[in-house]
Amino acid sequence: MKKKELYVLTGFLGAGKTSFLLNILDNIKDKKIGIIQNEFGKINVDGEIVRRNGIEMTEISRGSIFCSCLKLSFVQALVEMSKKDLDYVFVESSGLADPSNIEEILNAVEIMAGDNYIFKGVICLVDGVNFPNQVKDVETVDRQLAHCNLAIINKVDLLDLSKLEEVKNIVRGVNPICMISTASYGKIDLSFLSEDLTSLKWAECEDSLNTLDNKPKTISLETGEILSKEILTKFLKKVLLDCYRIKGFFKLDDGWQQVDVVEELIDYKLTSEREISELVFLSKTGPQIIRTIDKAWKEIVDKPMKLRN
């Protein structure tokens, strides 16, 4: 069986990893693809968006695949993928994932499954709008960049030239040798697929910052109620400052919507029908987020819902 080309996608919450992956899938439809998708929450929202016929999908939830809590699950998923007849395998890691130990993980896969992969590199999506603040506040962002081979500055349609240069300079300050490209809506020329990105390696393998001790709290909200976009938006604004990210699917009075909250930007997209409305909240404040969500929901919505770990 031929070797599979393996890429690992990283990037902070909301940087555009899933949009980037969808763009790749749309442009290599003639290839056999495997995807390993990682989410911190119980509900794998991005898995629902990416899933399509003919693609081998594995979902790993409730933590980072680079943390000891899920590292063995990640190794096993790669081992299982290695047995399949595929051209490419893409790993989309969680937005808070630190891939510093990726080489250790790949070495374990090779010991267990043989030399079935050609590791093509780590690709880091950078949120061009919010990145300058993120890199100051979250050490994971620094690690993602230091251990990438290609950095893609996304959302450049929202940046002027001076802001773009500022972002590039910050990227270069963290990783002086990785390839840098730009994108809007995750769309990029796919010429990188023929490049040996691993030659642009800056940082050596080290222990990941992802541990059980610093694993962020996630909570999911479920309801069968139908809300107006105005009411749901008001509720989301009440809790978003306490969350790294909010996303999910919700039935509004104008139909089913995919909900995506990054920083203070709330985005809605029409989506297919689901059984129940579900939102996932990735907390900045630990378990305190439960009280925050419950209080805001009762104050603004005041209809039945359930919160689940």
Side-chain angles (χ1 to χ4, degrees), residues 11-19 21-22 37-52 57 59 61-63 92 94-96 127 129-130 134 154-155 157-158 185-186 216-309:
F12 196 63
L13 300 155
K17 295 183 296 297
T18 303
S19 297
L21 183 55
L22 288 171
Q37 200 133 34
N38 174 216
E39 290 268 25
F40 264 101
K42 183 180 73 170
I43 307 166
N44 195 333
V45 176
D46 292 339
E48 291 293 318
I49 297 167
V50 169
R51 185 176 287 106
R52 55 183 73 181
M57 281 279 298
E59 299 174 18
S61 301
R62 291 185 174 273
E92 182 184 352
S94 162
L96 287 173
D127 181 339
V129 175
N130 297 302
Q134 292 169 347
N154 196 23
K155 308 181 185 179
D157 53 304
L158 302 176
Y185 303 100
K217 176 68 178 176
T218 60
I219 196 81
S220 62
L221 180 155
E222 300 177 359
T223 183
E225 301 298 320
I226 301 172
L227 305 183
S228 69
K229 189 174 291 185
E230 179 185 4
I231 290 295
L232 182 58
T233 299
K234 188 175 180 182
F235 162 72
L236 293 171
K237 285 182 176 179
K238 194 80 173 178
V239 300
L240 59 79
L241 291 179
D242 290 333
C243 299
Y244 285 115
R245 188 82 188 276
I246 306 169
K247 56 184 175 180
F249 306 100
F250 213 100
K251 188 172 186 180
L252 301 178
D253 50 18
D254 60 350
W256 279 93
Q257 299 279 345
Q258 176 190 332
V259 182
D260 198 357
V261 183
V262 180
E263 300 290 337
E264 296 186 39
L265 178 64
I266 301 172
D267 186 50
Y268 296 97
K269 291 179 185 174
L270 284 170
T271 190
S272 56
E273 189 171 335
R274 315 274 159 169
E275 289 185 8
I276 195 167
S277 294
E278 296 177 287
L279 294 174
V280 179
F281 303 79
L282 186 56
S283 174
K284 290 181 180 179
T285 59
Q288 172 64 32
I289 194 64
I290 298 172
R291 183 177 298 174
T292 302
I293 293 169
D294 185 62
K295 181 180 178 183
W297 183 269
K298 287 175 178 174
E299 178 184 323
I300 296 166
V301 182
D302 197 26
K303 291 184 177 182
M305 65 87 170
K306 292 181 181 178
L307 292 176
R308 301 185 185 276
N309 287 309

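Note that this is a predicted model, so its numbers are computed, not measured. Atoms considered below: every heavy atom in the structure, side chains included; atoms not considered: hydrogens, waters and symmetry mates.
N38 places a side-chain N or O within 3.5 Å of a backbone atom of G63 that can act as its donor or acceptor partner. Between the side chain of T223 and the backbone N or O of P304, at least one donor-acceptor pair lies under 3.5 Å. Checking side-chain atoms of K17 against main-chain N and O of G11 turns up a donor-acceptor pair under 3.5 Å.
Remark: F281 CZ to D242 CG distance equals 11.0 Å, nearest 0.5 Å. In this structure, the separation between CG on D260 and CZ on R245 is 4.0 Å, given to the nearest 0.5 Å.
Two residues are said to be in side-chain contact when any heavy atoms from C-beta on lie closer than 4.5 Å; K303 and L227 meet this criterion. Between V259 and F249 the shortest side-chain heavy-atom distance does not fall below 4.5 Å. Inter-residue side-chain proximity for N130 and F12 is flagged as unmet; no heavy-atom pair is nearer than 4.5 Å. Q257 has its side chain within reach of L270: a pair of non-hydrogen atoms, C-beta onward, lies under 4.5 Å apart.
Counting all heavy atoms, side chain and backbone alike, Q258 lies closest to T271 at N-CG2, 3.6 Å.
Relative orientation of the F235 and W297 rings is perpendicular, given thresholds of 30° and 60° on the angle between their planes.
Within a 6.0 Å radius of NZ in K217, other residues, nucleotides and ligands contribute more than 12 heavy atoms.
One finds a salt bridge joining K229 and D254 here, because a Lys/Arg side-chain nitrogen approaches an Asp/Glu carboxylate oxygen to under 4.0 Å.
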